[in-house]
Amino acid sequence: QVQLVEFGGGLVQAGGSLRLSCAGDGRTFSSYAMGWFRQAPGKEREFVAATSWTGRTIRYADSVKGRFTISRDNAKNTVYLQMNSLKPEDTAVYYCAKSSGTIPIPTIAQYDYWGQGTQVTVSS
């Protein structure tokens with residue numbers, strides 16, 4: 001059973017930065033793609049970013065391109081999301097997830113293990 005725990009959420013002013021971390025526990029996830037998703041109140045969960053297990057293939061949602069950076073350290077079973085130039089519309093609960101495959105695909109059904117989520121609030 002893979003357990004994922006997110007860290008790093010919080011309250012930040014617009015234009016600020018936060019770095020989210022997601023630590024894996026138990027079975028290693030180094031062979032699988034990892035992704036970040038978010039869910040704002042009253043909205044569906046949406047894709048944010050994903051990385052292949054090598055880190056060489058990365059995908060971003062258009063809304064975060066140029067502002068967010070996903071990375072991973074397989075030796076530490078950890079994936080990161082650096083978020084810069086934050087906007088109020090980035091406010092959401094952010095979830096990391098392990099893919100069942102090696103290619104980063106922005107489809108929720110592709111991900112089989114999820115963290116509990118961490119709240120990110122951006123004030124205007």
Side-chain angles (χ1 to χ4, degrees):
Q1 181 78 10
V2 175
Q3 294 185 3
L4 301 172
V5 180
E6 298 98 339
F7 302 92
L11 173 64
V12 64
Q13 289 188 333
S17 298
L18 282 175
R19 188 192 195 205
L20 305 183
S21 301
C22 172
D25 185 22
R27 187 177 64 191
T28 181
F29 61 62
S30 64
S31 298
Y32 301 96
M34 293 292 296
W36 286 96
F37 293 77
R38 66 187 182 186
Q39 187 166 17
K43 295 187 177 181
E44 294 186 351
R45 192 170 298 189
E46 65 175 6
F47 170 75
V48 175
T51 175
S52 64
W53 72 276
T54 62
R56 295 192 193 118
T57 303
I58 290 176
R59 297 186 66 169
Y60 294 100
D62 289 342
S63 58
V64 306
K65 277 182 183 176
R67 300 188 298 122
F68 290 12
T69 302
I70 187 172
S71 61
R72 66 190 296 166
D73 184 339
N74 290 334
K76 297 181 179 180
N77 276 359
T78 302
V79 61
Y80 305 95
L81 185 68
Q82 177 67 44
M83 305 185 295
N84 298 328
S85 301
L86 283 161
K87 305 175 181 179
E89 51 264 43
D90 295 318
T91 295
V93 177
Y94 283 70
Y95 299 90
C96 74
K98 170 195 161 296
S99 174
S100 57
T102 59
I103 299 173
I105 296 175
T107 305
I108 290 176
Q110 180 75 12
Y111 296 80
D112 52 6
Y113 290 95
W114 294 78
Q116 82 290 349
T118 185
Q119 177 69 47
V120 171
T121 302
V122 184
S123 63
S124 57

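When a residue number appears, it is its place in the shown sequence, counting from 1. Reckoned from all heavy atoms, side chains included, excluding hydrogens, waters and symmetry mates.
A salt bridge links Lys65 and Asp62; the closest N-O separation between the charged side-chain nitrogens and carboxylate oxygens is under 4.0 Å.
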With side chain to side chain contact (heavy atoms under 4.5 Å, CB included) as the criterion, how do Leu86 and Gln13 come out once you've worked through the C-alpha distance, each side chain's angles and the decisive distance to 0.1 Å?
CA-CA 8 Å; Leu86 283 161; Gln13 289 188 333; over 6 Å; no

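Between Lys43 and Gln39 the shortest heavy-atom distance is O-NE2, 3.1 Å. Taking both residues in full, the closest heavy atoms of Val122 and Lys87 are given as CB-O, 3.2 Å, listed atom of the first, atom of the second, then distance. Shortest non-hydrogen contact noted between Trp53 and Ser31 is CB-C, 3.5 Å. The minimum heavy-atom distance linking Val120 with Leu18 is given by the pair CG1-CD1, 3.9 Å. Here the shortest heavy-atom pairing between Ala92 and Ala40 reads CB-N, 3.8 Å. Nearest approach of Leu4 to Gly24, heavy atoms of both residues: CD2-CA, 3.9 Å.
Thr107 places none of its side-chain heavy atoms less than 4.5 Å from the side chain of Phe47. The side-chain heavy atoms of Asp90 and Arg38, taken from C-beta on, include a pair separated by under 4.5 Å.
Note: the hydrophobic cluster containing Tyr60 does not contain Tyr80 (ILVMFWY, side chain heavy atoms under 4.5 Å, direct or indirect links). Met34 and Val48 end up in the same hydrophobic cluster when Ile, Leu, Val, Met, Phe, Trp and Tyr side chains are linked at under 4.5 Å. Clustering ILVMFWY residues whenever any of their side-chain heavy atoms sit less than 4.5 angstrom apart, transitively, puts Leu81 in the very cluster that holds Val79. Linking Ile, Leu, Val, Met, Phe, Trp and Tyr whenever their side-chain heavy atoms come within less than 4.5 Å puts Ile58 and Leu20 in one cluster.
Atoms CZ and CD1, from Arg59 and Ile70 in turn, are 12.0 Å apart once rounded to the nearest 0.5 Å. Rounding to the nearest 0.5 Å places CD1 of Ile108 at 12.5 Å from OG of Ser99. Distance OG/Ser71 to CZ/Arg19: 6.0 Å, rounded to 0.5 Å. Of the inter-residue distances, the one linking Ile105 atom CD1 with Gln110 atom CD reads 4.0 Å to the nearest 0.5 angstrom. Taken from CD in Gln119 to CG in Leu11, the straight-line distance is 9.5 Å, to the nearest 0.5 Å. Taking OG1 from Thr102 and OH from Tyr32, the interatomic distance works out to 9.5 Å, rounded to the nearest 0.5 Å.
Both tests do not hold together for Lys98 against Tyr113: distance to the six-membered ring centre under 6.0 Å, angle to the ring axis within 45°.
Sparse packing is recorded around CD1 of Ile103, with 12 or fewer heavy atoms of other residues, nucleotides or ligands lying under 6.0 Å away.
Considering Gln82, Arg67, Met83 as possible partners of Ser17, the one that fulfils the side-chain contact (heavy atoms from CB on, under 4.5 Å) test is Gln82.
Ring orientation note: the planes of Tyr95 and Trp114 are nearly perpendicular, at an angle over 60° on the 30°/60° scale. The aromatic rings of Tyr94 and Phe68 are tilted relative to each other, their planes meeting at an angle between 30° and 60°.
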